Amino acid sequence: TAYRRQRQMCIRDRSMNELHLITLGDGRQDVYWCHGVFGQGKNFTRVAKDLLATGPDAYRCILVDLPNHGRSPWTQDFSYPAMAKALSETIRTTSGDRPVHLLGHSMGGKVVMRTVLDNPDLARSLTVVDMAPVDSHLTRLAPLVHAMTSVNLSGLTTRREAEEQMSDEIPSATIRQFLLQNLRHDTGENNRWYWQMNLDLLGNGLSDIGSWPSVNTTWDGPVLWITAEESDYVGPDHSQAMHELFPQVRRIRVKNSGHWVHSDQPAVFVQVLAAFLSRCQDDSS
């Protein structure tokens, strides 16, 4: 099928670690933003711009499409060590000697945690949003995968039709729109609809995405751990695992927010993040 040919082309021609990036601002320090499963770097556009407004000369925000998402290459397997390697190589190529700060939400939180553990001198600070370094059960995402794979792409004429086909399994319009950002329409000679992310790999790999591979190292840099009051992704028994790997972690729990903290409470999110990054700059000066 066209979908399989696209997947083979991405693996063959873009197997190198060239992650797609969106760059905002031109400040002195780089902040890398890493999204969760089924997301894209552009999901952070609003809060990244709000962060830049707190100090126009302070930051350059780099919004990352992680492997198998957005416009970044596809892989044949899902692996946090491999994703951390791809991210670290992208950072070294893009930032050079510039100061670097990493931020990751959900799956992206595990990616950035693994990245600093494998590359202890890479970043000045780490921000983890509503995720912990533990195994997570992501069976809750299975209905989302089924809804996307059930869309009749060959018979599709509008994006609205795809949303209607997904509505029975996904009653939330917000979640449907979040997923549908991955639905693309090729208006060329093929005139086809397709999922931009590697849906086969991600959908079949929910257990791998929820896993946390064991590590024997720690990272002593400053860590901001933002968790959500109305989310169960971080449980009361996860603090020990976080502190064992990151002794300098500081936890902030945001009220009236679900798993997508930066979307539910953007003003609070940016205020907390800006204060943390400012302290990290002061400490390193």
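These figures come from a predicted structure and were not determined experimentally.
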Identify the two heavy atoms, one from Ile209 and one from Tyr80, that lie closest to each other, and give their separation to 0.1 Å. O-OH, 2.6 Å
What about Val134 and Leu138, same hydrophobic cluster or not, with Ile/Leu/Val/Met/Phe/Trp/Tyr joined at side-chain heavy-atom distances under 4.5 Å? no
Enumerate the residue pairs fulfilling side chain to side chain donor-acceptor pair (under 3.5 Å) with a member in residues 214-227, sequence neighbours excluded, ordered by first and then second residue. Thr227-Arg251
Which atom of Ala132 lies closest to which atom of Val234, heavy atoms considered: N-CG2, 4.3 Å
Looking at every heavy atom in both Asn152 and Ser154, which two are closest together, and how far apart are they? OD1-OG, 3.0 Å
Between Asp30 and Arg98, does at least one N-O distance fall below 4.0 Å, as a salt bridge requires? yes
May I ask you to say whether Arg160 pairs ionically with Glu163, meaning some side-chain N is under 4.0 Å from a carboxylate O? yes
Stepwise side-chain contact (heavy atoms from CB on, under 4.5 Å) test for Cys61 and Leu52: CA-CA 8 Å; Cys61 290; Leu52 293 175; 3.8 Å; yes
Kindly determine whether Phe246 and Met113 satisfy side-chain contact (heavy atoms from CB on, under 4.5 Å), including the steps that lead there. CA-CA 9 Å; Phe246 305 102; Met113 284 189 283; 3.6 Å; yes
Taking atom NE2 as the centre, does His146 end up with more than 12 heavy-atom neighbours from other residues, nucleotides or ligands that are less than 6.0 angstrom away? no
Do Gln29 and Arg124 pass the side-chain contact (heavy atoms from CB on, under 4.5 Å) test, and can you show the C-alpha distance, the side-chain angles, and the key distance before you say yes or no? CA-CA 10 Å; Gln29 305 203 36; Arg124 288 193 177 182; 3.9 Å; yes
Shortest non-hydrogen contact between Leu156 and Leu183, atoms and distance: CD2-CD2, 3.9 Å
Pair Phe44 and His262, ring centroids less than 6.0 Å apart: yes
May I ask you to check whether Asp118 and Ser88 show a side-chain donor-acceptor distance below 3.5 Å? no
In terms of hydrophobic clustering (I, L, V, M, F, W, Y; side-chain heavy atoms under 4.5 Å; direct or indirect links), are Ile170 and Leu153 co-clustered? yes
How close do Leu202 and Asn68 get, heavy atom to heavy atom, and via which atoms? CD1-O, 3.7 Å
What do you reckon, is CG of Asp26 surrounded by more than 12 foreign heavy atoms closer than 6.0 Å? no
What residue among Met148, Arg184, Arg71, Gln40 forms side chain to side chain contact (heavy atoms under 4.5 Å, CB included) with Met197? Met148
Using only heavy-atom distances, determine whether the side chains of His101 and Thr127 contain a donor-acceptor pair under 3.5 Å. no
Does a sphere of radius 6.0 Å around CD in Gln271 hold more than 12 heavy atoms from other residues, nucleotides or ligands, not counting ones at 6.0 Å or beyond? no
Does CZ belonging to Arg250 count more than 12 external heavy atoms closer than 6.0 Å? no
Looking just at side-chain N and O atoms, do Asp130 and Ser231 make a donor-acceptor pair shorter than 3.5 Å? yes
What are the two closest heavy atoms between Ser136 and Met131, and how far apart are they? OG-SD, 3.9 Å
Glu164 CD: over 12 foreign heavy atoms closer than 6.0 Å: yes
Can you tell me which residue pairs pass the side chain to side chain donor-acceptor pair (under 3.5 Å) test with a partner in residues 43-59, sequence neighbours excluded? Asn43-Gln181, Tyr59-Gln281
Does Ser211 reach the main-chain N or O of Asp208 with its side chain, forming a donor-acceptor pair under 3.5 Å? yes
So how far is it from Thr149 OG1 to Asp200 CG, rounded to the nearest 0.5 Å? 8.5 Å
Check the pair His35 / His69 against ring-ring contact (aromatic ring centres under 6.0 Å, His included), numbers first and verdict last. CA-CA 9 Å; His35 58 81; His69 293 78; 4.9 Å; yes
Measuring from atom CG of Leu103 to atom OH of Tyr32, what distance do you get when rounded to the nearest 0.5 angstrom? 13.5 Å
Pair Arg140 + Asp232: basic N to acidic O under 4.0 Å: yes
